[in-house]
Novice: 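Before I ask anything, let me first share the structure, which is written out below as structure tokens.
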2 protein chains.
Amino acid sequence: MTATKQGAPTLEAVAERAGVSRATVSRVVNGSPKVSPEVLESVRAAIAELGYVPNRAARTLASKTTHAIALVVPEDIARFFGDPFLAATISGIHDRLEESDYVLNLMVASDKPDGKTLRYLQGGNADGAVVVSHHTSDSFLAALTEALPVVFGGLPVETVTGGYVVDVDNVEGGRTAARHLVEIGRKRVAHLAGPQHMRAANERAQGFVEALVEAGLEPGPVVSGDFTMRGGAEAMRAILAADPDIDGIFVSSDLMATGAMPIILSAGKSIPGDVAVVGFDDSPAALTTDVPLTTVRQPSEYMGATMVDIILDVLAGHRDRERVTMLPTELVRRASA
Amino acid sequence: MTATKQGAPTLEAVAERAGVSRATVSRVVNGSPKVSPEVLESVRAAIAELGYVPNRAARTLASKTTHAIALVVPEDIARFFGDPFLAATISGIHDRLEESDYVLNLMVASDKPDGKTLRYLQGGNADGAVVVSHHTSDSFLAALTEALPVVFGGLPVETVTGGYVVDVDNVEGGRTAARHLVEIGRKRVAHLAGPQHMRAANERAQGFVEALVEAGLEPGPVVSGDFTMRGGAEAMRAILAADPDIDGIFVSSDLMATGAMPIILSAGKSIPGDVAVVGFDDSPAALTTDVPLTTVRQPSEYMGATMVDIILDVLAGHRDRERVTMLPTELVRRASA
DNA sequence: TTGTAAGCGTTATCAG
DNA sequence: CTGATAACGCTTACAA
């Protein structure tokens with residue numbers, strides 16, 4: 001009955017069916033306010049009956065806008081998807097975009113400034129881009145921001161001046177963790193930090209130290225791990241070797257904490273009795289530990305949603321908005337501290 | 001000099017510059033053989049000088065082909081990306097597609113047969129689709145296969161008759177694991193299976209039993225876990241309780257094995273001395289265990305690449321090819337068995 | 001508020 | 001081998 005096979009129904013078909021012109025149908029489809037209620041109603045009915053879906057190519061050609069947002073991810077796509085924080089961020093990006101009529105194009109940044117991704121984007125094949133890569137070359141990023149509106153997710157952008165940025169307040173997050181440890185009475189608090197070459201890791205460490213100093217306490221041992229479980233275990237051993245008497249520790253990622261906690265336990269210490277542990281992320285890993293992990297939550301999903309809000313806002317014409325948006329962290333108290 | 005600002009140069013501009021018609025330029029761009037050497041040369045020069053890039057939308061509109069492939073993933077996108085097997089598959093899909101001039105559109109299957117994703121695809125906005133969802137409604141999938149060429153990755157498709165399928169031979173994988181255990185002299189072999197409602201899990205269990213029976217051995221305890229670390233630990237306890245004297249075990253996923261192995265060790269048994277362990281997947285998890293895990297590898301990345309090969313082949317007109325492609329598994333021998 | 005008509009940049013069908 | 005000339009499906013002034 002409905003769709004008369006022969007390819008998808010067109011605007012034309014809907015117009016005929018509803019007894020109006022193509023232009024009117026177009027207005028309805030695009031939510032123009034200047035359409036009378038009755039016409040609106042009948043056009044909608046016709047659209048539903050015919051199962052009409054706008055042809056993206058035609059629309060793009062006529063309007064010079066693609067209605068597509070590019071999701072730019074790091075080259076190393078497999079490892080990338082294994083990261084729960086980024087997975088959640090993408091989830092947020094997707095869900096928010098789903099509410100709009102934009103489509104998400106998955107692009108992998110080849111890092112080289114002359115790569116396929118960049119050319120594609122420079123060719124005007126997307127209206128805007130959200131990039132969640134943490135290690136892409138500056139020249140690539142700079143070229144990108146010149147080609148189209150871009151929103152970066154948690155990026156070290158000192159050198160990239162274009163684009164918008166959504167980030168988490170890592171310094172405050174580090175402070176939150178340390179303060180909590182202090183509040184529950186810990187006096188000798190260590191820090192299992194992230195890689196020293198990562199900005200977020202350093203900021204967390206900075207906040208940690210600040211809060212301790214603020215409380216009149218001297219920071220315990222600080223050792224860096226590589227944000228993996230195994231790295232967390234290794235660093236934990238080093239910390240215990242440096243000071244066996246710590247009674248609290250702030251670990252820069254939940255994943256590292258899952259590696260560190262068994263080490264603490266096998267050293268004959270209880271959690272949180274002897275050593276209180278606070279993680280960072282509030283990733284699923286925080287719930288897999290024997291004693292549920294108290295951690296500082298990053299609003300990863302919300303971060304993705306925010307990135308989309310911003311890009312859509314910019315595309316809507318508000319190019320003068322804040323360039324940097326800082327999202328707050330939050331302590332999630334469970335059993336480990 | 002080159003591009004005359006005002007938007008990107010068009011076919012028209014190139015034609016004028018080269019002193020030929022639009023049609024001729026189009027032929028050159030699309031590699032038509034019927035173009036004289038001189039003309040070819042001058043058109044190429046014009047293209048280079050102007051920095052011409054074909055407009056995708058116009059091309060799609062005129063040719064009725066989008067040069068886009070939709071990657072359809074399950075609704076639960078966050079959890080999805082956390083799965084290393086699927087992440088690797090996507091990686092394979094992406095990498096192979098990167099070599100072609102197709103673009104990847106990320107779509108999330110809303111599962112409802114009337115969802116946005118389906119309508120988008122029915123609207124002809126992609127030439128083909130690769131779906132890696134394991135739990136999507138049949139009606140959705142059926143509608144999908146009627147709308148465009150589809151390749152499924154490892155799917156229970158008894159009820160879906162359309163589309164192409166790439167899958168791993170799970171039965172053979174289960175056999176491989178069991179045979180290895182037998183070959184290294186184990187006599188009392190248990191199986192830590194996956195969820196009973198998952199086809200792949202059942203097939204592995206089936207292969208396991210077959211190989212044991214074939215070897216004249218009676219299968220040891222078989223207990224299901226939920227494919228998580230914690231689930232693996234729980235099931236392991238049940239198995240040990242059922243039969244403390246097992247000397248070998250095939251675990252249906254590496255992740256569950258990482259949960260099971262500590263249980264074995266804390267029961268005072270050595271690995272592989274007292275109990276040999278074989279996992280499944282060859283995921284990164286297999287390398288995080290104290291004693292590196294011997295496992296049955298799934299060619300996850302290759303699976304993605306194969307899916308792309310098939311969809312491109314079908315789009316190239318070879319619709320009469322095999323509908324099901326079975327990929328082999330492979331034993332990766334490490335220390336645990 | 002609604003309709004008319006002129007494109008948008010390519011491809012494709014014919015002639016030549 | 002090359003060039004007109006229709007489509008392709010939609011948006012968008014401009015009229016009505």
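Below, chain A is the first sequence line, B the second, and so on; all start at residue 1.
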Novice: Does A/S26 make a side-chain N or O approach to OP1 or OP2 of D/dT11 shorter than 4.0 Å?
Specialist: yes
Novice: Is it the case that the side chain of A/Y164 and the backbone of A/M307 share a donor-acceptor pair, with hydrogens and angles ignored and the cut-off at 3.5 Å?
Specialist: no
Novice: So what does A/V20 hit on the nucleic acid, given a heavy-atom distance under 4.0 Å: a base, only sugar-phosphate, or nothing?
Specialist: sugar-phosphate
Novice: Ignoring backbone atoms, test whether A/T24 places a side-chain nitrogen or oxygen under 4.0 Å from the OP1 or OP2 oxygen of C/dG3.
Specialist: yes
Novice: Please determine if a side-chain N or O atom of B/S21 lies less than 4.0 Å away from the OP1 or OP2 oxygen of D/dG3.
Specialist: yes
Novice: Check every atom of D/dT2, C/dT1, D/dT11 against the side chain of B/S36 and return the nucleotide holding the closest atom.
Specialist: D/dT2
Novice: OP1, OP2 of C/dT10 versus side-chain N and O of B/K64: anything below 4.0 Å?
Specialist: no
Novice: Could you work out which one of C/dT1, D/dC10, C/dT4 sits closest to the side chain of A/A23?
Specialist: C/dT4
Novice: I want to check one thing: is the phosphate of C/dT11, taken as OP1 and OP2, less than 4.0 Å away from some side-chain N or O of B/N30?
Specialist: yes
Novice: Specify the closest pair of heavy atoms between B/I310 and B/V151, including all atoms of both residues, with the distance to one decimal.
Specialist: CG2-CG2, 3.7 Å
Novice: Of all heavy-atom pairs between A/V150 and A/T145, which one has the smallest distance, and what is that distance?
Specialist: CG2-CA, 4.0 Å
Novice: Could you check whether A/V39 gets within reach of a base, just the sugar-phosphate, or nothing at all, counting any heavy atom under 4.0 Å?
Specialist: sugar-phosphate
